[in-house]
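Here is the structure we will look at, set down as structure tokens.
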Amino acid sequence: MIQLRSTALLRESCLINGSWSTASSKEAIEVRDPADGSIIAHVPSLSASEVAQAIEAAQKAFGPWSQLAAKERAQILRRWFELILANADDLAALMTAEQGKPLAEAKGEIVYAASFIEWFAEEAKRVYGEIIPAPQADKRLMVLKQPVGVCAAITPWNFPAAMITRKVAPALAAGCVIIVKPAEQTPLTALALGVLAEEAGVPAGVLQIVTGDSREVGRVLTGSDVVRKLSFTGSTEVGRILMAQCAPSIKRLSLELGGNAPFIVFDDADLDAAVEGAIASKYRNAGQTCVCANRLYVQAGVFDAFAEKLAAKVATLQVGRGTEPGVQIGPLIDEAAVEKVESHLADAVSKGARIVTGGKRHGLGGLFFEPTVLAGATGAMRVAREETFGPLAPLFRFETEEEVIALANDTEFGLASYFYTENIRRAWRVVEALEYGMIGHNTGLISNEVAPFGGVKQSGLGREGSHHGIEEYLEVKYWCSALR
Ligand SMILES: NC(=O)c1ccc[n+]([C@@H]2O[C@H](COP(=O)([O-])OP(=O)(O)OC[C@H]3O[C@@H](n4cnc5c(N)ncnc54)[C@H](O)[C@@H]3O)[C@@H](O)[C@H]2O)c1
Ligand SMILES: O=C[C@H](O)CS(=O)(=O)O
């Protein structure tokens, strides 16, 4: 049983047009606790026609919402921000129950998720247009920014709150309305955010949350001409599918996709800082983040010292249920996730890698896996080419700066990357050479609401957060007026 102060936050129904609805078919999806596989809730499996009703409601709600003064939208968003913080303990409890992350991490995510709403409540009041000096004396040229309209968001299970507010906040701030389809594994956090949005004064139809078969819901949202934009966070594989489904209606697209982050430690790095950064980046959310270090490249001169320091720290990480005090590594999300880590591990060892610490399912059983460090990794291994999405840190040895830049860029992904050096000239060379949307220099934690989050190559399109994030939900309109 999830311990909540406000039981109203545990919703087993969808938010459609201001009402909390179940599926007319009564079909439902089980929500399970990854720590022990127990069923903690059921949410509706909506039909295509029920999702279509949400689109109709969104279309009706768009006019009045977009015509509100920006300051009024900002005030409603601000109230939502304040309500989320006031209910952070309950929201974290729901998140840990359905996603498994340690309570401290869940609480941290709630604060992070709320920061996007706080940020875009302010950005709402700064959507400026332009007046352009005309090339002809009798013309006046103006540029307006207007909301895109009805939007859809499809979000992943690994950050059940932040991946939603990072879309909903700029959408509502810009004057758009949005339908959210959370991951089937983690709908409870999304639905609880919907409860608080209603309490904050978000009108019916402005924010709707639907659950159901992902393919069926996705087909309705991507196939509708009324939906003018899709914002998707998830795997590159699904991103390709959704991009193709949006093509016939030429929707605006924001795609936050997969990663394969290099983490580079040069000879002139502060080794203790690099070890701290590697642990923060690699083992956060049990390695289930899109910006986790996926390949750790360590220069030959410090390889042994770094490997020894890292393994010693990793071996002390506490594995267990997220509700237990002191736990740092919770369960993975499902059996497939554990099997992927095991397959990457087996592949690497079969090709010559050596287990320095960890290397197998944890003694707790179920979906718990030992935080692991591998040495002797090479580019021939799956860990070099695929996103592991688990607590497995493969160490690759390199000799020169030129060599490691080429290795780091040798991937179709381009989301996050990290490097440690105390040499500022080397820092400028590395930052300019890495083909990634985001770079951490002497830090393993780079995400916040004020900086542009996003990738290049097959890690996505567009940016979330920062002043860039609201542009994703705005259209540019040019007005040319001839003075007679
Ligand atoms: N770039 C980022 O900001 C970011 C953030 C978090 C996660 N991710 C990526 O997401 C992946 C892990 O998350 P995941 O397992 O939930 O990803 P996923 O792509 O399997 O699922 C993401 C969402 O898409 C839905 N979905 C899946 N197939 C669909 C289909 N055919 N049609 C419509 N919807 C569909 C799922 O129900 C879920 O809501 C990793 O690759 C990770 O790197 C990226
Ligand atoms: O998994 C992807 C998230 O965007 C991670 S972060 O918390 O935003 O860095």
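Just so you know, ligand 1 is whichever comes first in the structure, and atom 1 is the first atom listed for that ligand.
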Item to complete: May I ask you to check if ligand 1 and Thr236 share an N or O to N or O distance below 3.5 Å?
Response: no
Worksheet entry | Heavy-atom nearest neighbour of atom 2 (C) of ligand 2 within options Gly108, Cys290, Gly465 | Cys290
Worksheet item: When you look for heavy atoms under 4.0 Å from ligand 1, do you find them on the side chain of Phe232, its backbone, both, or neither?
Response: side chain
Worksheet item: For ligand 2, is there an atom lying under 4.0 Å from some heavy atom of Glu256?
Response: no
Worksheet item: When you measure from atom 16 (O) of ligand 1 to every protein heavy atom, which one gives the shortest distance, and what is it?
Response: Trp157 CD1, 3.0 Å
Worksheet item: Do Arg11 side-chain atoms and Ala192 backbone N/O form a donor-acceptor pair below 3.5 Å?
Response: no
Discussion item. Measuring from atom 2 (C) of ligand 1, which candidate in Ala416, Cys290, Gly212 has the nearest non-hydrogen atom?
Written reply: Cys290
Worksheet entry | Arg382/Glu342 ion pair, N-O < 4.0 Å | no
Item to complete: Measure from atom 31 (N) of ligand 1 to every heavy atom in Arg215, Arg219, Glu386 and give the option owning the shortest one.
Response: Arg215
Worksheet entry | Residue part near ligand 1, for Val217, under 4.0 Å between non-hydrogen atoms | neither
Item to complete: Starting from atom 8 (O) of ligand 2, locate the nearest protein heavy atom and write down its residue, its atom name and how far away it is, to 0.1 Å.
Response: Tyr112 OH, 2.6 Å
Worksheet item: Within a strict 4.5 Å, meaning less than it, do heavy atoms of the Trp80 and Val168 side chains meet?
Response: yes
Worksheet entry | atom 9 (C) of ligand 1: nearest protein contact (heavy atom, Å) | Gly234 O, 3.2 Å
Item to complete: Starting from atom 39 (O) of ligand 1, find the nearest protein heavy-atom neighbour and note its residue, name and distance.
Response: Thr155 O, 2.6 Å
Worksheet entry | Phe116 six-ring centre to Lys167 NZ/CZ under 6.0 Å and within 45° of normal | no
Worksheet entry | Check: Lys181 N/O within less than 3.5 Å of ligand 1 N/O | yes
Item to complete: Measure across Tyr473 and Cys151 and return the closest heavy-atom pair with its distance rounded to 0.1 Å.
Response: CD2-SG, 3.8 Å
Discussion item. Using a 4.0 Å cut-off to any heavy atom of Arg166, which atoms of ligand 2 qualify?
Written reply: 4 (O), 8 (O)
Worksheet item: Do Glu98 side-chain atoms and Val31 backbone N/O form a donor-acceptor pair below 3.5 Å?
Response: no
Worksheet item: Is it true that Lys229 and Glu472 make a salt bridge, defined as a side-chain N closer than 4.0 Å to a carboxylate O?
Response: yes
Worksheet entry | Selection from Pro160, Pro182, Ser214, Ser254 by shortest heavy-atom distance to atom 33 (C) of ligand 1 | Ser214
Fill in: Protein contact for atom 28 (N) of ligand 1 (heavy atom, distance under 4.0 Å)
yes
Item to complete: Would you mind running through ligand 1 and noting each atom that sits below 4.0 Å from a heavy atom of Met163?
Response: 5 (C)
Worksheet item: Should the proximity of Met163 to ligand 2, defined as any heavy atom under 4.0 Å, be assigned to the side chain, the backbone, both, or neither?
Response: side chain
Practice prompt. Mind running salt bridge (Lys or Arg N to Asp or Glu O under 4.0 Å) on Glu335 and Arg361 for me, showing each step along the way?
Written response: CA-CA 11 Å; Glu335 181 60 23; Arg361 290 182 186 234; 2.5 Å; yes
Item to complete: Check each atom of ligand 1 against the heavy atoms of Asn158 and keep those under 4.0 Å away; list them by number with element.
Response: 6 (C), 7 (C)
Worksheet item: Passes salt bridge (Lys or Arg N to Asp or Glu O under 4.0 Å), Arg252 versus Glu475? Steps please.
Response: CA-CA 10 Å; Arg252 289 281 297 271; Glu475 296 291 8; 3.0 Å; yes
Discussion item. If you compare all heavy atoms of Leu196 against all heavy atoms of Asn87, which two are closest, and at what distance to 0.1 Å?
Written reply: CD2-ND2, 3.6 Å
Discussion item. What I want to know is whether Leu257 and ligand 1 share at least one N or O pair that is separated by under 3.5 angstrom.
Written reply: yes
Discussion item. Do Ser254 and Glu464 pair up side chain to side chain, a donor and an acceptor below 3.5 Å, judged on atom types alone?
Written reply: no
Worksheet item: So, do Phe263 and Tyr420 have ring centers that fall under 6.0 Å from each other?
Response: yes
Worksheet item: So, His468 side chain and Phe453 main chain: donor-acceptor pair closer than 3.5 Å or not?
Response: no
Fill in: Heavy atom of the protein closest to atom 5 (C) of ligand 2 (residue, atom name, distance)
Phe159 CE1, 3.6 Å
Worksheet, complete the sentence: Closest to atom 7 (O) of ligand 2 (heavy atoms only, candidates Arg284, Glu105, Glu109) is Arg284
Worksheet item: Which option out of Ile154, Thr211, Val238, Thr233 puts a heavy atom nearest to atom 22 (C) of ligand 1?
Response: Thr233
Worksheet item: Is there a donor-acceptor pair under 3.5 Å between the side chain of Asn442 and the backbone N or O of Thr421?
Response: yes
Worksheet entry | Gly258: numbered ligand 1 atoms lying under 4.0 Å from its heavy atoms | 41 (O), 43 (O)
Discussion item. I'd like to know whether ligand 1 has Phe389 as a neighbour, heavy-atom separation below 4.0 Å.
Written reply: yes
Item to complete: Give a yes or no on whether a salt bridge exists between Lys360 and Glu370, defined as a side-chain N under 4.0 angstrom from a carboxylate O.
Response: yes
Worksheet item: Do any N/O atoms on Thr289 end up under 3.5 angstrom from N/O atoms on ligand 2?
Response: no
Worksheet entry | N or O contact, Arg166 vs ligand 1, cut-off under 3.5 Å | yes
Practice prompt. May I ask you to list the atoms of ligand 2 that are less than 4.0 angstrom from any heavy atom of Val291?
Written response: 9 (O)
Fill in: Heavy-atom pair with the smallest gap, counting every atom of Tyr436 and Leu415
CD2-N, 3.5 Å
Discussion item. Heavy-atom distances under 4.0 Å decide this one: backbone, side chain, both or neither, for Asn158 against ligand 2?
Written reply: side chain
Worksheet item: Arg32 side chain to Ala41 main-chain N or O, any donor-acceptor pair under 3.5 Å?
Response: no
Discussion item. Please check this pair: side chain of Thr22 against backbone of Pro44, looking for a donor-acceptor N/O pair closer than 3.5 Å.
Written reply: no
Discussion item. On a heavy-atom basis, I'd like to know which of Glu184, Met438, Glu464, Glu387 is closest to atom 43 (O) of ligand 1.
Written reply: Glu387
Worksheet item: Can you list the ligand 2 atoms lying under 4.0 Å from a non-hydrogen atom of Ser447?
Response: 6 (S), 8 (O), 9 (O)
Worksheet entry | For Leu242, atoms of ligand 1 separated by under 4.0 Å from a heavy atom | 32 (N), 33 (C)
Worksheet item: Which is closest to atom 20 (O) of ligand 1 by heavy-atom distance: Pro156, Gly454, Ser235?
Response: Ser235
